[in-house]
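Since the structure comes first, as structure tokens, the remarks are kept for the end.
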2 protein chains.
Amino acid sequence: MATIGKLAGVSQVTVSRALSNPEKVSAAAMERIQEAIRVTGFVPNALAGALASRKSCLITALVPSITNVVYSSLLHGFSEIMRAEGYQLMVSETGFSPETEEALIFTHLSRRPDGILLTGIHHSATARRMLLGAGIPVVEFWDITESPIDCCVGFSHTESGRHTAEMAHGWGYRRAATVAAGDQRALRRRDGFRNRFAELSGHADIPAITGEAGPASLQSGRAALAALIEDHGFSGGVIQCSSDQSALGILTEARIRGLRVPQDVAVIGFGDQDYAAFTDPPLTTVKVDRDRLGRAAARAMLTRFRGESDPDRVTDIGFELLRRASA
Amino acid sequence: MATIGKLAGVSQVTVSRALSNPEKVSAAAMERIQEAIRVTGFVPNALAGALASRKSCLITALVPSITNVVYSSLLHGFSEIMRAEGYQLMVSETGFSPETEEALIFTHLSRRPDGILLTGIHHSATARRMLLGAGIPVVEFWDITESPIDCCVGFSHTESGRHTAEMAHGWGYRRAATVAAGDQRALRRRDGFRNRFAELSGHADIPAITGEAGPASLQSGRAALAALIEDHGFSGGVIQCSSDQSALGILTEARIRGLRVPQDVAVIGFGDQDYAAFTDPPLTTVKVDRDRLGRAAARAMLTRFRGESDPDRVTDIGFELLRRASA
DNA sequence: TTGAAAGCGCTAACAC
DNA sequence: GTGTTAGCGCTTTCAA
């Protein structure tokens, strides 16, 4: 900046102002400064700027996995809004591990972000302490709780499971099974479903296949149906899956085994992936408006930046069970 | 750090050393420092550290879209290795737009990353100038060229199209069509295919449906087959698609129209998404080892950090046509 | 409208 | 092993 200033015949401070408060610089000086910038290819150092102004224009996000469309599409919507406001996003993957999350929160906080976005509402005690100590907006998304660190926007996973059970029971299903990935939220959807379906149907024996924490794959869905039939004596009914991926696997395995969907096996997925409407048969699934969620999370953060008093701490964006032909 | 020092009875510099060169600090001092850190919940300021040391431990990446598994899985592999070496990743989406890319390169460079990762080999002149001026490693991935900015790792899209044409012709197909998204690389795969297939079959009329730049969707695939049949009089043969997504759309539309795959319509996708082996029929598709690509890109960058002389400028990781039942 | 001075929180180079 | 000094490249006051 000093160099630019020399070239333009002004001081370094004026260059700084030209970049951040253009209206406070005379047109003549402005022109010479811009010319000097063009000639030199000057790129300001945002690190120094952030250090001096205590504003990094950086938002940090932690998600379990970026290859999972559920999270990446959320980040997409979120970052789109934040970028329009001048904020950049730094993302890391926790791989569904609380320990990794804790370590990453420390690393991220050391970059002095203006805000932080976290997945889910369960964080280690140390993590909570660091977050609180950082004194920046924290938004937890994809789940809700009455006691967020700062604020949260999402929906109740337990409720989505319960609702799925009620609808399935309403459609006449009397037998059920569940296939879930091992992560916190998938398990709560599963439990919500099992408890409610048991209440309604009077059958407490609802076979459950539980995978590892981590992304469910089509393969794991296929294996799950095989296990359900061969190891658990599952002989028909509705299967609640924790993702559309595993639901697609079940559809595939069912076809290979000559089972009719939904007559012999009915399938309900979760996520409403873009292919869900085009599987054979089309997948009945729980849809969460991820675009809206991403935007709501961005709005919550921006509201906090503006320092508005008494902003909403918890935003429930709900879910919707889309009935298609698979159940 | 000064506060920590005071609590531990040492100077601020010793605290700094305790964190970055623990071996240069006495065990006694170390212990008191760590205790003070624990008590205060101190999180060092990486911004200030980066400013002073001219090393940000930040890698910046630009991809067209993070919701596209092709790119996100690459980032996943890349960041995994980089994180193990102490580097964090900042990602932004260009949305397939060169203008956006240029603007983002400027923004990213202002954060003084230690290296930058770009998608593809086509960048604006201004972008190239900025990149060169930054004096940091630049790795371009997902494509190759003889004249990278710094280095590139990927494969030849034209060649993958040509190879697909040769194989399809070898399998006995004599008629073809293409369905491509509008981005640079999809178009080169398409052109490679069309040129080679025309040479081999002697039929120069290969109907081509070209979409917008941006992610192809299942829907666009369905629409493409409809257009092929209704507008282009396509009456059978093999269809080369620029993604598995659109290929799945074609499979879907074919089933709805009562067309047999591959007898009436044969389909070849691109990407080998995780569901490709499980569609009905399983999808013949071009596979690129994305994990390997991500790792190769990371290795290229790390090699440059070590300042090794004469590192490989271009790494071709190739591709593979997986024949399944759809063609 | 512009500039001078101070300082953001750290690391690098040197002394002790 | 530890401390002192001098910046890193900006923004923020304050004064002119």
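Throughout, protein chains are lettered first and strands after them, A, B, ... in sequence-line order, and every chain is numbered starting at 1.
The two residues A/S79 and B/E93 make their nearest non-hydrogen contact at OG-OE1, 4.0 Å. Taking each heavy atom of B/A297 and B/L117 in turn, the nearest pair found is CB-CD1, 4.2 Å.
A heavy atom lying under 4.0 Å from DNA chain D marks the following residues of residues 28-38 of chain B, by number: B/A29. At a non-hydrogen distance threshold of 4.0 Å, nothing from residues 102-111 of chain A comes into contact with DNA chain D.
Annotation: side-chain hydrogen bond (donor to acceptor under 3.5 Å, both in side chains) contacts of A/S56 (sequence neighbours excluded): A/D114. Every residue was checked against the side-chain hydrogen bond (donor to acceptor under 3.5 Å, both in side chains) condition with A/E80, not counting sequence neighbours, and none meets it. In this view, B/R38 and B/E35 satisfy the side-chain hydrogen bond (donor to acceptor under 3.5 Å, both in side chains) rule, not counting sequence neighbours. Residues passing the salt bridge (Lys or Arg N to Asp or Glu O under 4.0 Å) test with B/D150, sequence neighbours excluded: B/R304. In this structure A/F42 satisfies the ring pair (Phe, Tyr, Trp, His ring centres under 6.0 Å) test with no other residue, sequence neighbours excluded. The side-chain hydrogen bond (donor to acceptor under 3.5 Å, both in side chains) search around B/R188 returns B/D143, not counting sequence neighbours.
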> In B/S/- notation, 5' to 3', how is nucleotides 4-16 of chain C contacted by protein heavy atoms closer than 4.0 Å?
Replying inline: B--BBBBBB----
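Using five terminal pairs a side, the axes of the helix from C/dT1-D/dA16 to C/dC16-D/dG1 at its two ends make an angle of 30°, given in steps of 10 degrees.
Interface limits on DNA chain D: the 5'-most and 3'-most nucleotides within less than 4.0 Å of chain A heavy atoms are D/dG9 to D/dT12.
In this structure, A/E101 and A/T119 have side chains that are not in contact, with every pair of non-hydrogen atoms separated by 4.5 Å or more.
Two rings, from B/F78 and B/F141, have their centers 6.0 Å or more apart.
No hydrogens or angles considered: nothing links the side chains of B/T126 and B/S124 as a donor-acceptor pair under 3.5 Å.
Across A/E140, A/R128, A/E102, a single residue satisfies side-chain hydrogen bond (donor to acceptor under 3.5 Å, both in side chains) together with A/H123, and that is A/E140.
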Just distance, no hydrogens or angles: give the donor-acceptor pairs under 3.5 Å from side chains in residues 17-32 of chain A, sequence neighbours left out.
unit_1, atom_1, unit_2, atom_2, d
A/S20, OG, A/S16, O, 2.9
A/S26, OG, A/A29, N, 3.3
A/R32, NH1, A/A8, O, 2.6

>> Apply ring-ring contact (aromatic ring centres under 6.0 Å, His included) to residues A/H108 and A/F106 and explain how you reach the verdict.
In response: CA-CA 5 Å; A/H108 279 215; A/F106 181 85; over 10 Å; no
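Here the CG atom belonging to B/D183 is positioned 12.5 Å from the OG atom belonging to B/S97, to the nearest 0.5 angstrom.
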